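Structure record follows, encoded as structure tokens.
Residue numbers start from 1 in every chain, and the chains themselves are labelled A, B, ... in the order their sequence lines are given, proteins ahead of strands. Only a predicted model underlies this, so the values are computations on that prediction, with no experimental measurement involved.
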Number of protein chains: 2
Amino acid sequence: MSGSKGGESRGYHHGNLREALMKAALELIAERGPSGATFAEAARRAGVSPAAPYRHFRDREELLAAVAAAGFERFAEALLKGWDRGRPRPAEAFERMGRAYLDFARTHAADYVAMFESGIAVEGNAALQQASQRAFGVLREAAEAVVADMPGPVRPPALMVALHTWALAHGVASLFGRADAARRKVPMSPEDLLEAAFLVYLRGLGAPQA
Amino acid sequence: MSGSKGGESRGYHHGNLREALMKAALELIAERGPSGATFAEAARRAGVSPAAPYRHFRDREELLAAVAAAGFERFAEALLKGWDRGRPRPAEAFERMGRAYLDFARTHAADYVAMFESGIAVEGNAALQQASQRAFGVLREAAEAVVADMPGPVRPPALMVALHTWALAHGVASLFGRADAARRKVPMSPEDLLEAAFLVYLRGLGAPQA
DNA sequence: CCGCTCATGTGAAAAGGGCTTACATCACAG
DNA sequence: CTGTGATGTAAGCCCTTTTCACATGAGCGG
């Protein structure tokens, strides 16, 4: 009797065990942290025997890598939507993308943990590395547009701007932006904190004032 | 050193088990990540039975909290040393403190993991919270001095500057500054990346140019 | 329709390791 | 010398991982 979530067939074969395991792993990460995502428990939640997962993932690490890769895909989409091709102006869209970043880290906390705090090596999995680079590509594209929109004679390298943006957003999300118990309390919302940081940073670059 | 390092001739009692456990936990974090710091293995490395640690720590979490608290103490010292009371100038000292931050995250990687990625709740332990706040106090003190040194009529709130600094440094350290396998490769050193970010940020604040 | 085939899931069990309860030992004060 | 609390031990319990032979049924060619 597998969990009848959508009225699927629940005979001998699960039908979509791979995705069910990934979903269970996400829930486990949310409940118990990255190390709590155990192979056996994921199988239990999917309603299959402890040996079944081995038909879909070589080991626990491969499961986590798949979860992280899926997370990066969703992450890239979220950033892309926030950026919205830089409309109406790059600087404005940039801040909106920052909010999308924080929003993702909060509403998809388990994905974010899998992506950045599960201790998996990004280089180990081709699909994971590709997904990760696709997400960073959005940041980089946004940075390019922001830099290109700047007036000054000397424009900062877009790659550096993208890296700074990533570090800033990741730092704010990690330290202050989690619903987690590890969240530090500060007298500002993470969104406001990040927005203010972007404003200061962009001004320091010589960007046009909003 | 109070610990008898070469004293294999320990009798029934260890003599300094508490510190030995904390040291072992640090090594385990360095070798296997935060979840690898298991209670039993720490005991094994200290040369005692798996139940002995319970005489010194209520559970695994309390051990990790103690390790993290000790890490924050060392961290605060490192930042304080880097800041060096803002000499010769606040802006210069500020960057030096940033390098001290990255240096600590690298040379004391296990401490840093215990402090920020072990999933412990800072609020749960009074000593831990105190140590954490002491470390942040250094950041805040430095931010105060930097802001006070600024000329403009409108000075940014020092707390915000401190939080931005922390987020930036933590972001750079987490994403690019680890010797870990999870480190992302970028065409700049973490130190240069952070220094550049500081320069841009301080310029955005209206700080005097170096 | 039939029957083969293989991907997928089962059940059991070994191996390994961490956690914890009852008991043993030591240090020290009176 | 002896009682007592602090400290460490031994052993059992439970969970996870992993592998093996075996069961199921969906899909395919005929």
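Sorted by first then second residue, the side chain to side chain donor-acceptor pair (under 3.5 Å) pairs that include residues 51-67 of chain A, not counting sequence neighbours, are A:R58-A:E62.
Between A:Y201 and B:Y201, the distance separating the two ring centers is not shorter than 6.0 angstrom. A centroid separation of less than 6.0 Å is found between the aromatic rings of B:H170 and B:Y112. For A:Y101 and A:W83, the ring centers are positioned 6.0 Å apart or more.
B:R44 comes within 4.0 angstrom of the backbone, heavy atoms only, and of no base.
For the pair A:L28 CG and D:dT16 P, the interatomic distance rounds to 10 Å; values are reported in whole Å. Rounded to whole angstrom, the span from the CG atom of A:L63 across to the C1' atom of D:dT18 amounts to 16 Å. In this structure, CG of B:L21 is placed 12 Å from P of D:dT7, rounded to the nearest angstrom.
An angle of 0°, rounded to 10°, separates the two end axes of the helix from C:dC1-D:dG30 to C:dG30-D:dC1, each defined over five pairs.
Evaluation of the salt bridge (Lys or Arg N to Asp or Glu O under 4.0 Å) rule for B:E92 yields no partner, not counting sequence neighbours. B:E144 is linked by a salt bridge (Lys or Arg N to Asp or Glu O under 4.0 Å) to B:R140, counting only residues two or more places apart in sequence or in another chain. B:A109 pairs by the side-chain contact (heavy atoms from CB on, under 4.5 Å) definition with nothing, not counting sequence neighbours.
Using a 4.0 Å cut-off, some side-chain N or O of A:H56 falls inside it from OP1 or OP2 of C:dG9.
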Could you go over nucleotides 19-22 of chain C and give all protein N or O partners under 3.5 Å, atom names and distances?
residue : atom : partner : partner atom : Å
C:dC19  : OP2  : B:A40   : N            : 3.4
C:dT20  : OP2  : B:Y54   : OH           : 2.5

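The environment of B:E31 atom CD is dense: over 12 non-hydrogen atoms of other residues, nucleotides or ligands sit within 6.0 angstrom.
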